[in-house]
K.L.:
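I have a structure I would like to understand better, so I am pasting it below and will then ask my questions one at a time.
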Amino acid sequence: MLVNGIDLIKKANKEDFAIPAYNINNLEWTKFILEACNVDRSPVILGVSESAVKYFGGYKTVYNVVNSLIKDLKIKVPVVLHLDHGKSFESCKEAIDAGFTSVMIDASSKELEDNIEITKKVVDYAAPKQVNVEAELGALEGEYTSADEAEQFVTETGVNTLAPAIGNKHGIYDKDYEIDFELLGEICKKVKIPLVLHGASGLDENKIKTAIFCGVSKININTDLQLIWSKSVRMFLQTNPKVYDPRKIIKSGEDNFKSLIHYKNNILGSSNRAF
Ligand SMILES: [Zn+2]
């Protein structure tokens, strides 16, 4: 069932595990993720970027695809439909109006005051509808989040979850990187809300576990899925040059894709959490 993200992430925070946030790009990926998480009895967040929304056709289409798949596939685990890196109040509003149960407003490239103002506007719109709001502070490939600013930001915006910049990077998959756990712990202590880790693809398993221990309750995984799927499909096409049925081609990435989801759910401790 489609649920609001606030309670789910709070539960993860309390029980020391993290909800996986997997990015979806089309019907097939949505189906693979829902089925794999249902087998694991893992709650799941389906992240959709603005460009993926455009690729699907629009917010309402995404909502309908997800909502219908949950029903048709008889998915029993809690599912959150989340706008990933929403760039404006308008896109967050559109997502919420279409039925998304969680949104991220990413105004992190703006000055602190402007980031606070935009984020607060989204919170004011989302809160009465019980929609989870995530915001970002600091720059993922630049300045780390300051713990004091994070405290001010959370107090003034009333945001539900915060994605700090603590050394994490988007799109890094071929090598491990360093996370400032001391800073993460300090931020966690000051803000007292669940934290989100972006760019966890390629990050060492133990670092992911430490991050969860330090207060991270939602972990975003995107690049790893893209890599495993495209690699599998490429191999299939090379060994089966005569196949032209699109369903067979897209499906050829399914097994490895699902194996990766099972593996990640295990690391995050989200398996067997949904009953
Ligand atoms: Zn991100």
Side-chain angles (χ1 to χ4, degrees), residues 5-6 9 21 23 45 47-55 58-59 62 80-98 100-129 131-172 177 179-180 183-184 186-201 211 215-223:
I6 303 172
I9 298 171
N23 281 72
I45 296 170
V48 201
S49 65
E50 286 183 354
S51 58
V53 169
K54 217 181 261 178
Y55 183 83
Y59 288 95
V62 176
V80 173
L81 179 56
H82 173 77
L83 173 67
D84 191 25
H85 289 282
K87 289 281 177 234
S88 63
F89 169 77
E90 287 70 27
S91 31
C92 291
K93 182 180 179 296
E94 252 193 277
I96 294 168
D97 290 349
F100 280 51
T101 56
S102 176
V103 292
M104 175 190 190
I105 173 70
D106 180 2
S108 60
S109 60
K110 299 191 179 349
E111 292 297 322
L112 179 65
E113 279 68 30
D114 295 334
N115 192 352
I116 289 175
E117 195 187 319
I118 297 169
T119 303
K120 176 139 187 19
K121 200 174 166 192
V122 175
V123 171
D124 287 345
Y125 189 74
K129 298 172 178 68
V131 170
N132 176 62
V133 180
E134 173 185 333
E136 184 166 316
L137 189 62
L140 242 46
E141 271 81 33
E143 210 175 313
Y144 286 12
T145 306
S146 121
D148 287 333
E149 278 188 8
E151 187 181 23
Q152 183 196 347
F153 184 86
V154 170
T155 309
E156 290 183 19
T157 58
V159 78
N160 306 102
T161 45
L162 181 73
I166 46 169
N168 44 325
K169 296 177 177 81
H170 279 133
I172 297 290
Y177 56 83
I179 292 275
D180 190 338
L183 175 61
L184 178 61
E186 208 183 314
I187 293 170
C188 184
K189 228 186 273 166
K190 291 209 164 171
V191 303
K192 298 184 180 68
I193 58 167
L195 299 174
V196 179
L197 186 67
H198 280 242
S201 290
V216 166
S217 308
K218 167 179 177 271
I219 293 189
N220 290 20
I221 295 154
N222 185 19
T223 313

K.L.:
Give me the atom names and distance for the closest heavy-atom approach of Ile118 to Ala107.
P.N.:
CD1-CB, 4.0 Å
K.L.:
Using side-chain heavy atoms (C-beta onward) and a distance below 4.5 Å, is Glu134 in contact with Val159?
P.N.:
no
K.L.:
Is it the case that Asn168 and His198 place a side-chain donor and acceptor less than 3.5 Å from each other?
P.N.:
no
K.L.:
Could you tell me the separation between the CD atom of Glu143 and the OG atom of Ser108, rounded to the nearest 0.5 Å?
P.N.:
11.5 Å
K.L.:
Return yes if some donor-acceptor pair links the side-chain N/O of Asn115 with the main-chain N/O of Glu136 below 3.5 Å, else return no.
P.N.:
yes
K.L.:
How about Asp97 and Tyr59: do any of their side-chain heavy atoms sit closer than 4.5 Å?
P.N.:
no
K.L.:
Just so I know, are the side chains of Leu112 and Phe153 near enough to count as touching, which here means a heavy-atom distance under 4.5 Å?
P.N.:
yes
K.L.:
So, does Ser91 use its side chain to make a donor-acceptor pair with the main chain of Gly86 at under 3.5 Å?
P.N.:
no
K.L.:
Kindly give the heavy-atom pair with the smallest separation between Leu162 and Ala150, and that separation in Å.
P.N.:
CD2-CB, 4.0 Å
K.L.:
Answer yes when Lys110 and Glu117 have at least one side-chain N-carboxylate O distance shorter than 4.0 Å, and no when they do not.
P.N.:
no
K.L.:
Which atom names give the shortest non-hydrogen contact between Asn160 and Val133, and what distance separates them?
P.N.:
OD1-N, 2.8 Å
K.L.:
Identify the heavy atoms of Val191 and Glu151 that sit nearest to each other, and give their distance.
P.N.:
CG1-N, 3.9 Å
K.L.:
Would a 4.5 Å heavy-atom cut-off, applied to side chains only, mark Lys120 and Glu156 as touching?
P.N.:
no
K.L.:
So do the side chains of Ile116 and Gln152 get within less than 4.5 Å of each other, counting heavy atoms only?
P.N.:
yes
K.L.:
Using the side chain to side chain contact (heavy atoms under 4.5 Å, CB included) definition, which of the options Asn132, Asp84, Leu83, Val123 pairs with Val103?
P.N.:
Leu83
K.L.:
Would you kindly check if the NZ (Lys) or CZ (Arg) of Lys129 is within the cone defined by 45 degrees around the ring axis of Tyr125 and under 6.0 Å from the six-membered ring centre?
P.N.:
yes
K.L.:
When you compare the side chain of Ile9 with that of Val196, does any pair of heavy atoms fall below 4.5 Å?
P.N.:
no
K.L.:
State, to 0.1 Å, how close Met104 and Ala163 come at their nearest heavy-atom pair, and which atoms those are.
P.N.:
CE-CB, 4.5 Å
K.L.:
Tell me the closest heavy-atom pair linking His85 and Asp106, and the distance in Å.
P.N.:
ND1-OD2, 2.8 Å
K.L.:
If you define the side chain from C-beta out and look only at heavy atoms, does anything of Lys218 sit under 4.5 Å from Thr161?
P.N.:
no
K.L.:
How many angstroms lie between atom OG of Ser201 and atom NZ of Lys169, to the nearest 0.5 angstrom?
P.N.:
13.5 Å
